[in-house]
Participant: 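Below you'll find the structure I mean.
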Number of protein chains: 2
Amino acid sequence: MIEAKDIKKIYPGIVPTVALDGVSFVIKEGEFVAIVGPSGSGKSTLMHIMGFLDRPTSGVYKFRGKSIDELDDDQLARIRNKEMGFVFQSFNLLPRTTVLDNVKLPLLYSGIAREQQDRMAREALEKVGLSHRLFHYPNQLSGGEQQRVAIARAIVNHPSVIFADEPTGNLDSKSGQQIMDILQNLNDQGHTIILVTHEKYTAQMAKRIIQLKDGRIVDDQIVACR
Amino acid sequence: MIEAKDIKKIYPGIVPTVALDGVSFVIKEGEFVAIVGPSGSGKSTLMHIMGFLDRPTSGVYKFRGKSIDELDDDQLARIRNKEMGFVFQSFNLLPRTTVLDNVKLPLLYSGIAREQQDRMAREALEKVGLSHRLFHYPNQLSGGEQQRVAIARAIVNHPSVIFADEPTGNLDSKSGQQIMDILQNLNDQGHTIILVTHEKYTAQMAKRIIQLKDGRIVDDQIVACR
Ligand SMILES: Nc1ncnc2c1ncn2[C@@H]1O[C@H](COP(=O)(O)OP(=O)(O)OP(=O)(O)O)[C@@H](O)[C@H]1O
Ligand SMILES: Nc1ncnc2c1ncn2[C@@H]1O[C@H](COP(=O)(O)OP(=O)(O)OP(=O)(O)O)[C@@H](O)[C@H]1O
Ligand SMILES: [Mg+2]
Ligand SMILES: [Mg+2]
C-alpha cells in the first residue's frame with residue numbers, strides 16, 4: 001500500500017535543514033505502525049509526505065502503486081480526501097466553524113446525503129466523548145477536547161488509512177486510552193493505522209515500531225504478541 | 001504566596017459551562033506543585049486565573065496578599081510580567097517573530113540593557129537545546145521545538161513563579177526529562193513551580209499533587225521522598 005524509497009526532505013534557508021536524510025520502508029494494508037523518535041527527528045515531516053500533504057525533495061513515495069511525483073495537486077487532494085484521515089499535531093481545526101461542522105469537513109465532497117453526513121459526524125464525536133460540545137467553537141474547548149475533535153474528523157469517513165500525529169499528546173491516560181481503543185477497533189476492521197507518538201503506552205499498542213533519529217530510520221521492528 | 005478561596009469559573013453560553021466549581025488551596029513560595037486531572041476538568045482554566053490571565057466568576061484569588069478583584073488590568077499585567085513565567089498549552093508564540101525575539105518578549109519592559117537581554121535569551125535557549133534555531137520562525141520548527149521555545153520564554157527573566165501547562169506534551173521522554181531537570185533546578189534555587197501535566201513521570205517530580213475532576217479538587221497530597 002505504502003512504499004518509500006530513499007526519501008529526503010531538505011528545508012531551504014540560510015542554513016538548510018535536513019529533516020529526512022534517506023528513509024525507506026514498506027507498509028502493507030491493515031498494518032498498525034508507530035513512528036517514534038526524539039523531538040525534531042523528522043516524524044511530522046514524514047507523516048505529511050505519506051499523507052500527500054507535502055512533497056519529498058528527492059526519493060520515491062508511492063501510495064497504492066501511484067508515485068507522488070506523477071500526481072498533480074488536485075489528484076493528491078482527491079486521493080487524500082477519499083482514502084486518508086489525518087490528525088495533525090497542532091489539531092488544525094477551523095476556528096470560526098463549530099465542532100460538528102469541523103468534523104463534517106471530510107464529507108463535504110463525498111456525495112453523501114446531508115442528513116447522513118450529520119449522522120456520521122455525530123457518531124464520530126460520540127466515539128471520542130464530545131457529544132456535549134457539538135455547537136461550541138474550537139477556542140471554547142480545552143486542549144484535549146480540541147485534540148479529540150481532530151481525531152473525530154480524521155475517522156468520520158472511515159478512510160482506509162489514518163495518519164495520527166501525537167493523538168494523545170494533550171490527553172490524560174484515560175482519555176488517551178479511549179482514543180487508542182478507537183484506533184485499535186478501526187485496525188481490527190482492516191483500516192491501516194500509522195501513528196506518531198512519544199508516549200510508551202501508545203507505541204505499545206502498535207504491531208510495528210519504526211524509530212527515527214536525525215531524519216533516518218535507526219530501527220524498524222515487528223513487535224510480537226499484540 | 002498564592003491563596004485561592006472557593007474559586008468558580010463559569011463560561012457563558014446557551015448551556016453555561018462550569019469549568020471550576022469552588023476550588024480552594026494555598027501554595028507557599030518555593031513549592032513544586034503538579035495539577036493533574038482528566039481532559040476538560042478545569043486545569044488550564046485554573047492556571048490562567050492563577051497567572052492573572054483571566055478573572056474568576058466568583059471566589060477570592062490572592063497573589064502575595066493582593067486580591068485579583070482589587071487590581072485593574074494594568075496592575076495585573078505589571079505583576080505578571082515581573083513575577084510570573086507562563087508556558088501555554090498551545091505555546092502562543094508570535095508567528096512573525098524569530099525564536100530569539102520571542103524569548104526576549106518578557107524582557108522588553110524590564111529596563112534591562114539590550115545586550116544583556118540578548119545574552120539572557122540565548123542562555124535560556126541554550127538550556128532547552130535550541131541554540132541552532134535562534135533566527136528561525138515558529139512555523140519552521142517541529143511541535144516539540146516550539147514547546148521548548150515557549151519554555152525558554154517562560155524562564156528567561158527568572159520569574160519567582162513559573163506556571164507550565166503541559167510543558168512536555170509534545171516531547172519525547174529524553175527532551176521531556178531535560179525540561180523537568182530545568183524546572184527542578186529552578187525550584188532548587190527557590191522558584192515556585194506550578195505544573196499541569198497528564199504524564200506520570202512529570203507529575204512524579206513534583207512534591208505535591210493537586211487532583212482536579214469536573215472543576216473540583218478531589219485530592220491534594222504532599223508526595224513524600226522527593
Ligand atoms: N472559552 C471557553 N468557553 C466555553 N467553555 C470553555 C472555554 N474554555 C474552556 N471551556 C470549557 O471548560 C472546561 C475546562 O476547560 P480547561 O481548558 O480548563 O480543561 P483542561 O483540564 O485544561 O483540559 P485539557 O487537559 O483537555 O487541556 C472544558 O469542559 C471546556 O470545554
Ligand atoms: N517549515 C520548516 N522549515 C524549516 N525547518 C523545518 C520546517 N518544519 C520542520 N523543520 C525542521 O525539520 C526538523 C524535523 O521536524 P519535524 O516536525 O518533522 O520533527 P518531529 O520529529 O515531528 O518533532 P516533534 O516530536 O518535536 O514534533 C526539525 O529540526 C525542524 O526544525
Ligand atoms: Mg512533530
Ligand atoms: Mg488544558
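Within every chain, numbering begins at 1; the chains are lettered A, B, ... in the order of the sequence lines, protein sequences first and strands thereafter.
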Participant: What part of K200(B) is in contact with chain A, defined as an atom under 4.5 angstrom from a non-hydrogen atom: side chain, backbone, both or neither?
Facilitator: side chain

Participant: Taking side chain as everything from C-beta outward and backbone as N, CA, C, O, which of these in S142(B) sits under 4.5 Å from a heavy atom of chain A? Side chain, backbone, both or neither.
Facilitator: side chain

Participant: Flag yes if more than 12 heavy atoms outside R216(A) fall under 6.0 Å of its CZ atom; otherwise flag no.
Facilitator: no

Participant: Just to verify, which of E145(B), R148(B), Q147(B) counts as forming a side chain to side chain donor-acceptor pair (under 3.5 Å) with S39(A)?
Facilitator: R148(B)

Participant: With a 4.5 Å limit on heavy-atom distance, are the side chains of T17(A) and H136(B) in contact?
Facilitator: yes

Participant: Looking at chain B, which one of Q140(A), K43(A), Q146(A), R133(A) has the largest number of heavy-atom pairs inside 4.5 Å, strictly under?
Facilitator: R133(A)

Participant: Measure distances from T45(A) to the heavy atoms of chain B and classify the residue's part below 4.5 Å as side chain, backbone, both or neither.
Facilitator: neither

Participant: Tell me, for S90(A) versus chain B, whether the close heavy atoms (under 4.5 Å) come from the side chain, the backbone, both or neither.
Facilitator: neither

Participant: Taking atom types as modelled, is there a side-chain donor on E166(B) or N170(A) under 3.5 Å from an acceptor on the other?
Facilitator: no

Participant: Going by heavy atoms in the side chains, are E199(A) and H198(B) under 4.5 Å from each other?
Facilitator: yes

Participant: Is it the backbone or the side chain of H132(B) that comes under 4.5 Å from a heavy atom of chain A, or both, or neither?
Facilitator: neither

Participant: Could you tell me which portion of T168(B) (side chain, backbone, both or neither) has an atom closer than 4.5 angstrom to a non-hydrogen atom of chain A?
Facilitator: backbone

